[in-house]
Amino acid sequence: MADQHNDHKDQELMTEKEKEEMLAKYDKESSVRQRTGKWAWVITFIAVSLTIFHLYRAFPQTGGPLVSIMQGAVHLGTAMGLIFLLYPFKRSGLKKYGVPWYDVIFAFLAMGSCYYILFRYEWITGAARIVGFTTYDIAVATIAIVLLLEATRRAVGLPIVIIGTLAIVYGMFGTNIPYFGHGGFDWTGLSRRLFFSTDAIFGTPIQISSTYIYLFLFFGVMLTKTGVGQYFNDLAFGMTGRFTGGTAKAAVAASAMQGTVTGSSVANTVASGSFTIPMMKRAKFRPEFAAAAEASASTGGQIMPPIMGAAAFIMAEYVSDVSYSDIIIIGIIPALLYFSGIFLGTHFEAKRCGIHGLPKEELPSRKGLLKGSYLLLPLIVIVTMLVNGFTPTYAALTGIGTAFAVSYVRKDTRLMPKDILDAFEQGARIALPVIAACATAGIIVGTVVFTGLGGRIAGGLIQMAGENLFLLLFFTMIACILLGMGLPTTANYVVTASMAAPALINFGVPEIAAHFFVFYFGIVADITPPVCLAAYAGAGIAKANPMRAGVNAFKLAIAAFIIPYVFVYNPQLLLVDAQFGTVVLLIITSMLGMAAVSASIMGYFFNTFLLYERLLLFAAGIMLIYPGNVMIEGGGLVIFILIAVLQTIRKKRAAKKA
């Protein structure tokens, strides 16, 4: 890799500052103040304390987590304080020096309003529910709710705040809405339910965030500190770099592995794309295709076991009788199908453009890869523990400890006290948008539940679909994608799992399939035009047209738009009542179907297409993944083989003439 590394020094690789600017531009969650002045040490102290709190409370010997609402109060209150100190009121404040006085007041008000629950816990959970909450209690709840919405706007974005605000308005004034109306609450009753209960702000999303999610995010930071990200890149290039279109295939493989750690489509695109996109461009891939390949693969990282996006942890709580270790196993086949679809797409594009693999001297050596294989130990440990029935909390703690130990194998990755403090601070920083999104999503879900809106929406969707499952799935898909354009994945899943998933379940779709359906479509919103932030970030690195990059990402990730329908109609792909032979056959036909659809969309199979070949192959792909009809699948297979033979014959004839 020597020549490759030398080449990197004199080309387009992004500096750390450029990465930060790119993230700030396309990822709201990364738009933080860079110069906090005298408040820097306060931010570090609070952030490090928050991580220490979560680690301390994760150990069974310390009594484990606090009572859920108290644990959530420390978790959310401290996070809100950090958000006001780190995220400016407007983007123009990013480069200003210091922290404005009003943000300091907001920070301590936010922390104080949540910590109020700690000091008044006995009253809140006891006498207050009998004699009523005081005016002072309601004032504190009001301040906390307003500050939460503002903190979420800063750290996550405006769309989720608008939805949260509309939920509050509906909770108070939705009485007269035809069909969707309810009894209505006064502000005292509504604010009490939102803030002083475990049904809304401190509901399931924040409870999971304050236990499992925070620890797994910190685990990702620890892996980054040990150099696992670079090892993923080297491993991907070692496995795929020598094949046709090797740079693009390596980008797909690297992003799949990176995504298990980052959990963010845009962050993953920028982190690995700053390395892979320039390499794809030098291999003669079109800039918009290079951006699309990285964005579509990076987005898929959130569905890639063993460490999927934060929403997967919440799913494990929402779906009955399913643990997180079950989610990991269930998610393997859909994830493999998704990445196989992207992999095939890059292969067909490379064949069409005549792009070959990298020479051996530019690839990492097998010896070097074996030497660095110990870096995978933390992931192996955490997966082994989850599969063997240990709790996610205990598995995460063990993984963190293993990552710390692994860092001492080599001198250049060894964590010194300063590095450990930095990791503790980064662990808190990376969790802030997730915490804010979970809390505001709790407002939405809480209102949906205790006003009965969720049941009405589910009934409305079924009625609108006219008792047609495909239409119901289609409407649900559109809702998930539209919400995903403004909401982060976690919040999108929480909202759609509360409103859309019940409609699917009421229609007879297995519970796990319904939840995976909304989970998938919330994620692919990041690469669905017109608002496809991961593709836009990739386009910024590739210096390509953002919309063209988005369209190419959509084409590459077409499998993601097909797979959810497949596992709803064929739940055995999610191991529901699965039989080994049937599952294997489903995987084979699904893979062939995706290959056919991908080839027709990318414009190349064994040769360039005639128009009728392209249309027939697309039809064959849809037939191959058609649920449960052997005749239709058999017809698709016949067409698939026929087009392959015709293209091969035409290619041989063209070669003879040449």
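Worth knowing before you read on, the calculation uses all heavy atoms, side chains too, and leaves out hydrogens, waters and symmetry mates.
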- Item | Y324 and Y212 aromatic centres sub-6.0 Å | no
- Query: Is there a donor-acceptor pair closer than 3.5 Å between any side-chain N or O of Q302 and the backbone N or O of I523?
  - Reply: no
- Message: Can you confirm whether or not the ring centre of F218 sits under 6.0 Å from the ring centre of F424?
- Response: yes
- Message: Whether the side chain of R120 engages the backbone of T125 through a donor-acceptor N/O pair (distance < 3.5 Å, no angle test) should be reported.
- Response: no
- What side chain to side chain donor-acceptor pair (under 3.5 Å) pairs are there with at least one residue in residues 491-503, not counting sequence neighbours? Y493-H515
- If you measure from the Lys or Arg side-chain nitrogens to the Asp or Glu carboxylate oxygens, is any gap between D199 and R193 under 4.0 Å? no
- F450 ring center near F185 ring center (under 6.0 Å): yes
- Side chains of I168 and L194: does their closest heavy-atom pair fall under 4.5 Å? yes
- Item | Y116 and I143, any side-chain heavy atoms less than 4.5 Å apart | no
- Item | salt bridge (Lys or Arg N to Asp or Glu O under 4.0 Å) involving E511 - partner list, sequence neighbours excluded | none
- Is the distance between the ring centroids of F202 and F195 under 6.0 Å? yes
- Query: Would you call R154 and D103 a salt bridge, taking side-chain N to carboxylate O under 4.0 Å as the test?
  - Reply: yes
- Answer yes when D186 and R192 have at least one side-chain N-carboxylate O distance shorter than 4.0 Å, and no when they do not. no
- N/O donor-acceptor pair under 3.5 Å between T299 side chain and S296 backbone: no
- Message: I want to check something: taking the side chain as every heavy atom from C-beta on, are V156 and T440 in contact at a cut-off of under 4.5 Å?
- Response: no
- Whether F516 and Y520 hold their rings parallel, tilted or perpendicular, with breakpoints at 30° and 60°: tilted
